[in-house]
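Structure record follows, encoded as structure tokens.
These figures come from a predicted structure and were not determined experimentally. Reminder, nothing fancy here: chain letters follow the sequence lines and each chain counts from 1.
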Protein chains: 2
Amino acid sequence: MAIQLKFSLPEKLYIKDPQTTKYGNKLLGNSVLLIDELGFEGFTFKKLAAKIDSTETSIYRYFENKHLLLLFLNCWYWEWLNYLIEVETKNLPSPQVRLERAIHLIVNAHHEFTLTAYVDEVILHKVVVMEGTKSYHIHSVDNENKDGLFVCYKELVERVAAIIELVQPDFEYPRGLSSTLFEMANHQLYFARHLPRLTDLKRKDDLKVELEKMLLIFAKKMLI
Amino acid sequence: MAIQLKFSLPEKLYIKDPQTTKYGNKLLGNSVLLIDELGFEGFTFKKLAAKIDSTETSIYRYFENKHLLLLFLNCWYWEWLNYLIEVETKNLPSPQVRLERAIHLIVNAHHEFTLTAYVDEVILHKVVVMEGTKSYHIHSVDNENKDGLFVCYKELVERVAAIIELVQPDFEYPRGLSSTLFEMANHQLYFARHLPRLTDLKRKDDLKVELEKMLLIFAKKMLI
DNA sequence: TAAAAATGATAGCAATACTATTATTTGGAA
DNA sequence: TTCCAAATAATAGTATTGCTATCATTTTTA
């Protein structure tokens, strides 16, 4: 039996925590599938309700609106990745190796680890790459930030920034490099898939290998 | 009398080119203001119509929907920046200096140059930073890409990639570095303004100076 | 086994994202 | 100058979205 991970996500993200109920699990799993299928703009609670044989009303008992659901999915992903980076880098010998491992996980975690029984992490990753930035590019950022809705991403970025600081204590931009690695991982992948002239990565089987190599080179050169 | 720039933007972006009419100019200028004020999600053609004392119907004669209007604004900004980088780097002595100038323009163009008489370029830049990624993170990317709607961004990225290749001909990731510089410029600025734990840049008067310095260091280190 | 909690069913409403039709204005060419 | 064509306005209408409210039913759990 697999371990079920339940994350403590910011309370204001949801009305009722979907991780705690069967219905909630179904809601989450299917929302990932449906957002992937329709795109976030085409996705509605009504369509999700139809997909899980339920009603809009019931979904509104979990989330105030679809934006917060998207942010929930992102936070979830960030928490999971943060947890993985923590346990997977803990006992590694040097900061350099830990950074390498972290970069490997940023690119590959969704293929190598399981989040839960009810969410397809490969598709969740697709959604994060495709729709992720929309979860924090919103008019109400400042208010939502006050409510702590972005701590998950901050902590994730800070975890890798901490490793970067160990690699090179006098480096001026540990957070900037860390957030850039996360953003690059998503954008370069997105570009390779959809707007290939914006990247040098080629869309083939080993795209992930190439991406990891690219991020590694960027990080290494920055920390020379 | 200032020179009025009119750009050739992809035809499928609009139904009728708003650059060619007085009404269109008013539409563009006010859409920038209103998107900045309400955020892209809160922005509607009805509200824009009210603001310019017109009707929804009239706006729909220029743009199929608000997504294409946002993309138009981005394309416009990209074309303008591309043009500026071209003329401003043309006669510079070395590739290094040209790259430095390009980075300076990515960060500062909107404060130093004028786009047109009817658009506030500082606010346009705010909109690009805040809402820009939404214009190419859409379910219909592949179709829109076929229609050539993203050429402006591609050409802009390629212009800087070409300079990068001159600086270091055997560098593996000219496009990747170029697109990353553009994306970083926006994201790090956005983070400094709204999610400061994600960056090392401090929110103060000389934020732009700091950002330029950061991008310069990144680029330099990559091309050692 | 009764109370409480969760979900479903139904209804409704204001706003959004359009389209269609018919006036009216306005800018240019004859 | 006037008349034509193009552009814009006015009005109306429709399906969908993004909710909220109420009440009935099912499921949990104490």
Side-chain angles (χ1 to χ4, degrees), chain A residues 6 11-31 34-35 37-73 118 131 134-135 138-140 143-144, chain B residues 6 11-31 34-35 37-73 118 131 134-135 138-140 143-144:
Chain A
K6 186 190 168 298
E11 273 189 22
K12 295 224 174 175
L13 258 185
Y14 46 79
I15 294 165
K16 182 184 165 73
D17 189 345
Q19 294 177 106
T20 60
T21 67
K22 216 171 170 182
Y23 181 91
N25 294 352
K26 203 169 153 193
L27 193 172
L28 292 174
N30 284 279
S31 67
L34 203 57
I35 292 173
E37 187 184 329
L38 305 174
F40 185 62
E41 282 71 33
F43 169 85
T44 69
F45 278 0
K46 193 166 210 164
K47 291 173 190 167
L48 176 58
K51 193 177 172 80
I52 62 177
D53 257 306
S54 175
T55 60
E56 266 182 290
T57 330
S58 300
I59 297 172
Y60 276 109
R61 284 199 195 92
Y62 283 84
F63 290 104
E64 236 178 282
N65 53 52
K66 70 173 183 171
H67 161 250
L68 288 173
L69 167 55
L70 178 67
L71 184 54
F72 184 97
L73 295 174
Y118 48 93
E131 317 288 356
K134 293 171 193 167
S135 68
I138 22 147
H139 195 57
S140 49
N143 284 322
E144 298 194 358
Chain B
K6 184 189 167 298
E11 273 188 25
K12 295 225 174 174
L13 258 185
Y14 47 78
I15 295 165
K16 182 185 165 73
D17 189 345
Q19 293 177 109
T20 60
T21 67
K22 216 172 171 179
Y23 181 92
N25 295 353
K26 204 169 152 193
L27 194 171
L28 293 174
N30 284 278
S31 66
L34 204 56
I35 292 173
E37 186 184 329
L38 305 174
F40 185 61
E41 281 71 33
F43 169 85
T44 70
F45 278 0
K46 193 165 211 165
K47 291 173 188 167
L48 176 57
K51 192 177 172 82
I52 63 177
D53 257 305
S54 177
T55 60
E56 267 182 290
T57 332
S58 301
I59 297 171
Y60 276 108
R61 280 201 201 88
Y62 284 82
F63 290 104
E64 237 177 281
N65 53 52
K66 71 172 182 172
H67 161 250
L68 288 173
L69 168 54
L70 178 67
L71 184 54
F72 184 99
L73 295 174
Y118 48 93
E131 317 286 357
K134 293 171 194 168
S135 69
I138 22 149
H139 195 56
S140 50
N143 284 322
E144 296 193 359

Quiz item: Quick one: the side chain of B:T57 and the base of D:dT11, do they pair up donor-acceptor inside 3.5 Å?
Solution: yes
Practice problem: Using a heavy-atom cut-off of under 4.0 Å over every strand shown, decide if A:K47 touches base, sugar-phosphate, or nothing. | Solution: sugar-phosphate
Practice problem: Would you please confirm or rule out a distance under 4.0 Å between OP1 or OP2 of C:dG8 and any side-chain N or O of A:S54? | Solution: yes
Self-check item: B:T55 side chain near D:dA10 phosphate (N/O to OP1/OP2, under 4.0 Å)
Solution: no
Quiz prompt | Residue A:Y23, side-chain atoms from C-beta onward, closest of D:dT20, D:dT8, C:dT7 | solution = C:dT7
Exercise. Starting from the C-alpha separation in whole Å, work towards a yes-or-no answer on side chain to side chain contact (heavy atoms under 4.5 Å, CB included) for A:E37 and A:K47.
Key: CA-CA 11 Å; A:E37 187 184 329; A:K47 291 173 190 167; over 6 Å; no
Self-check item: Plane angle bin for A:F72 and A:Y14 - parallel if under 30°, tilted between 30 and 60°, otherwise perpendicular
Solution: perpendicular
Exercise. Let me know the distance between OH of B:Y60 and C1' of D:dA12, rounded to the nearest Å.
Key: 15 Å
Self-check item: Rounded distance in Å - NZ (A:K66) to P (C:dT16)
Solution: 14 Å
Exercise. Return the nearest nucleotide to the side chain of A:K46; candidates are D:dT17, D:dC19, D:dA9.
Key: D:dT17
Quiz item: Taking the six-membered ring for Trp, are A:F45 and A:F43 parallel (under 30°), tilted (30 to 60°) or perpendicular (over 60°)?
Solution: perpendicular
Quiz prompt | Separation of C:dG8 P from A:K22 NZ (nearest whole Å) | solution = 13 Å
Self-check item: Nearest-Å distance for atom pair CG/P, residues A:N65 and C:dT16
Solution: 15 Å
Practice problem: Kindly point out which of C:dT16, D:dT22, D:dC19 is positioned nearest to the side chain of A:E56? | Solution: D:dC19
Self-check item: Atom-to-atom span, CD of A:E41 to P of C:dA17 - whole angstrom
Solution: 11 Å
Quiz item: When we call it a touch if two heavy atoms are under 4.0 Å apart, what does B:F45 touch: a base, just sugar-phosphate, or nothing?
Solution: nothing
Quiz item: Between D:dT8, D:dC19, C:dG8, which nucleotide has the shortest distance from any of its atoms to the side chain of A:R61?
Solution: C:dG8
Quiz prompt | Charged N-O contact under 4.0 Å between A:K134 and B:E41 | solution = no
Quiz item: Would you say a side-chain N or O of B:Y62 is under 4.0 Å from OP1 or OP2 of D:dT8?
Solution: yes
Quiz item: Atom CZ of A:F63 to atom P of C:dT7: distance rounded to whole Å?
Solution: 13 Å
Quiz item: Among D:dT17, C:dT7, D:dC19, which is the nearest nucleotide to the side chain of A:T44?
Solution: D:dT17
Quiz item: Which heavy atom in A:L28 sits nearest to a heavy atom in A:S31, and how many Å separate them?
Solution: O-OG, 2.8 Å
Quiz item: How close or far is atom P of D:dT8 from atom CG of B:L48, stated in whole angstroms?
Solution: 13 Å
Practice problem: Can you tell me the distance, in whole Å, between the CG atom of B:N25 and the P atom of D:dT8? | Solution: 11 Å
Exercise. Could you check whether A:E64 gets within reach of a base, just the sugar-phosphate, or nothing at all, counting any heavy atom under 4.0 Å?
Key: sugar-phosphate
